[in-house]
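Read the structure below first, then the notes.
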There are 2 protein chains.
Amino acid sequence: MTNQERRDGTRSRILASARERFTSGGFDATSVADICATSGVSKGAFYHHFPSKQAVFVALLERWIAELDESVRSAAARDEPVPRRLENLAGLVGQVSELGSGQIPMFLEFWRQAAKDPDIWRLTVDPYRRFREAFAALIQDGIEEGTLRPVDPDAAALVLVSTGIGLVLQGALNPAEAGRPDAGEQAVRMLLDGLAKEASDES
Amino acid sequence: MTNQERRDGTRSRILASARERFTSGGFDATSVADICATSGVSKGAFYHHFPSKQAVFVALLERWIAELDESVRSAAARDEPVPRRLENLAGLVGQVSELGSGQIPMFLEFWRQAAKDPDIWRLTVDPYRRFREAFAALIQDGIEEGTLRPVDPDAAALVLVSTGIGLVLQGALNPAEAGRPDAGEQAVRMLLDGLAKEASDES
DNA sequence: TTCTACAGACCGACCGGTCGGTTTCTATAA
DNA sequence: TTATAGAAACCGACCGGTCGGTCTGTAGAA
């Protein structure tokens, strides 16, 4: 086994164990010794690969953001009318909830750390802003192509993203009741169709 | 000073300090010694009033839930058409974000603890279910009184609550960009009016 | 006097991180 | 092909410090 292979193997075992332990117990409650025991790696090896426990957390966060970015980009870029593209993005909610049901408490952990650590905060907020801007641009497109009403794109993007986040979190905390796989589509459809029976058009 | 007065004063000072510390640092990172120092209470007094650090957390959670319950009940009960009542409830989002901007990280903390502690989980999920059921009932009313389309009330309630949660959390994490005070109203209006320009009525 | 509310020294467990030493790989020259 | 020197990966005992919680006392209310 070459050094490179050893290195990669150890590193990814640390990352995998850390994710598992952070997810089930949280950042603070997980000790470096925990991670080492779970991954079959010595403490020395751990600190050989990462300068601190926090660095592992950051590595996990960056990977997660990269994956999410990729999913969103590929779901939003199709050459279809905007409402269809919004529905595609909505499907992502179910996908994220399902596929990574184990990593969503992690997401909560990210958020909580962001609330108190400026570095993590930047790491979290920057991609999130990109995310919201992408939605706003998409809505702007929809307005220009005539398939959406002339709403404020920023406000609409905020609402859409909020709904997505809320759905994912609810699915994570309470899978039995709130974890409908079609929740995202339902939500977008409600937003597109409106909930009121007829006109309430005056502002 | 009577014993009762002393007792109440000490207890509420502990609670206040604990909330402040949990909010800014999180549950795990806050030590009992922190809380004692901040509140000017000795460790003996702390453990005289609460059997554990977790017990303080639970007391805080229960109080928070009671307050929220009360707010929702009073906002939803007015004798008005359902869409108006939904808008009232939406106003609550801004209110919660503003008034308790300091206690929302606490809410995140509640949620994270709930994800790993079954007792906290029950405490969190039960009132939350009531909450969602209240929304569903409200929507059912709206359908019957003819002001709302015949949507699935449970799904609609899920979407509404999700949006509210998402907005509050975004406002908490990123007040500068996402913390519009009128976000809740915007969202409800979008849901009521629909976003698409015209019919996309086929399912 | 008796009891409640509090005070604060103390305890064992545990934690993140360090460090001196060992093993395993790899490049190079004989 | 083999010998060797150095680098990289890894090991785990150890350290200073912190934490949640206990326990023995004391001052003032009842």
Side-chain angles (χ1 to χ4, degrees), chain A residues 1-61 106 109-110 112-113 116-117 119-120, chain B residues 1-61 106 109-110 112-113 116-117 119-120:
Chain A
M1 202 200 289
T2 69
N3 258 350
Q4 188 61 40
E5 288 166 340
R6 274 215 297 163
R7 185 182 176 77
D8 291 350
T10 303
R11 198 186 144 87
S12 70
R13 248 157 49 228
I14 292 173
L15 250 15
S17 292
R19 188 176 72 187
E20 196 273 321
R21 303 298 293 120
F22 286 162
T23 296
S24 59
F27 180 80
D28 290 317
T30 298
S31 71
V32 175
D34 270 349
I35 299 171
C36 291
T38 308
S39 57
V41 158
S42 74
K43 221 165 179 191
F46 180 96
Y47 279 99
H48 179 72
H49 285 277
F50 297 95
S52 67
K53 191 170 80 161
Q54 163 124 344
V56 179
F57 185 82
V58 169
L60 250 16
L61 174 57
M106 245 328 256
E109 196 64 23
F110 288 148
R112 211 186 60 87
Q113 296 285 333
K116 58 176 181 173
D117 183 318
D119 293 335
I120 307 254
Chain B
M1 201 198 292
T2 70
N3 262 347
Q4 186 61 40
E5 285 167 343
R6 274 177 90 198
R7 186 179 176 78
D8 290 351
T10 303
R11 195 186 148 88
S12 70
R13 247 154 53 225
I14 292 173
L15 250 14
S17 291
R19 187 176 72 188
E20 195 275 320
R21 302 300 292 122
F22 286 161
T23 297
S24 60
F27 180 80
D28 290 317
T30 298
S31 70
V32 175
D34 271 348
I35 299 171
C36 291
T38 308
S39 58
V41 156
S42 74
K43 227 167 178 187
F46 181 97
Y47 280 99
H48 179 71
H49 285 277
F50 298 96
S52 68
K53 191 170 81 160
Q54 162 123 345
V56 179
F57 185 81
V58 169
L60 250 16
L61 175 57
M106 244 328 255
E109 197 63 23
F110 287 149
R112 213 188 61 84
Q113 296 285 333
K116 58 176 182 172
D117 184 317
D119 292 336
I120 308 257

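Proteins get letters first, then strands, A, B, ... in listed order; numbering begins at 1 in each. Quantities reported herein were computed from a predicted structural model and do not represent experimental measurements.
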* Asked: Is there a side-chain contact between B:K53 and B:F22, using heavy atoms and a 4.5 Å cut-off?
  ->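 They are in side-chain contact.
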
* Does the side chain of A:F50 reach to within under 4.5 Å of the side chain of A:L15, using non-hydrogen atoms? ->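 In short, these two side chains touch, coming nearer than 4.5 Å.
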
* side chain to side chain donor-acceptor pair (under 3.5 Å) with B:S52: which residues, sequence neighbours excluded? ->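 B:S52: no side chain to side chain donor-acceptor pair (under 3.5 Å) contacts found.
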
* Between A:R7 and A:T10, do the side chains contain an N or O donor and an N or O acceptor separated by less than 3.5 Å? ->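 Side chains of A:R7 and A:T10: no pair found under 3.5 Å.
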
* Output all residues satisfying side-chain contact (heavy atoms from CB on, under 4.5 Å) with A:S17, sequence neighbours left out; order by chain, then residue number. =>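 Residues passing side-chain contact (heavy atoms from CB on, under 4.5 Å) with A:S17: A:I35, A:T38, A:S39.
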
* To do: List for me each residue that meets side-chain contact (heavy atoms from CB on, under 4.5 Å) alongside B:D119, sequence neighbours excluded, and say none if there are none.
  =>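 Only B:D117, B:R122 meet the side-chain contact (heavy atoms from CB on, under 4.5 Å) criterion with B:D119.
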
* What integer distance in Å separates B:E5:CD from C:dT4:P? -> 18 Å

* To do: Compute the bend angle of the helix from C:dT1-D:dA30 to C:dA30-D:dT1 from the end axes (five pairs per end), rounded to 10°.
  =>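 Comparing the first five pairs with the last five, the axes sit 10° apart.
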
* Summarise how protein sits on nucleotides 9-24 of chain D as a single string, 5' to 3': B when a protein heavy atom is under 4.0 Å from the base, S for sugar-phosphate-only contact, - for no contact. => BSBB------SBBB--

* To do: Could you go through the salt bridge (charged side-chain N to carboxylate O under 4.0 Å, His left out) check for B:D28 and B:R112 one step at a time?
  => CA-CA 11 Å; B:D28 290 317; B:R112 213 188 61 84; 3.4 Å; yes

* To do: Under the ring-ring contact (aromatic ring centres under 6.0 Å, His included) rule, collect the residues that match up with A:Y47, sequence neighbours excluded.
  => none

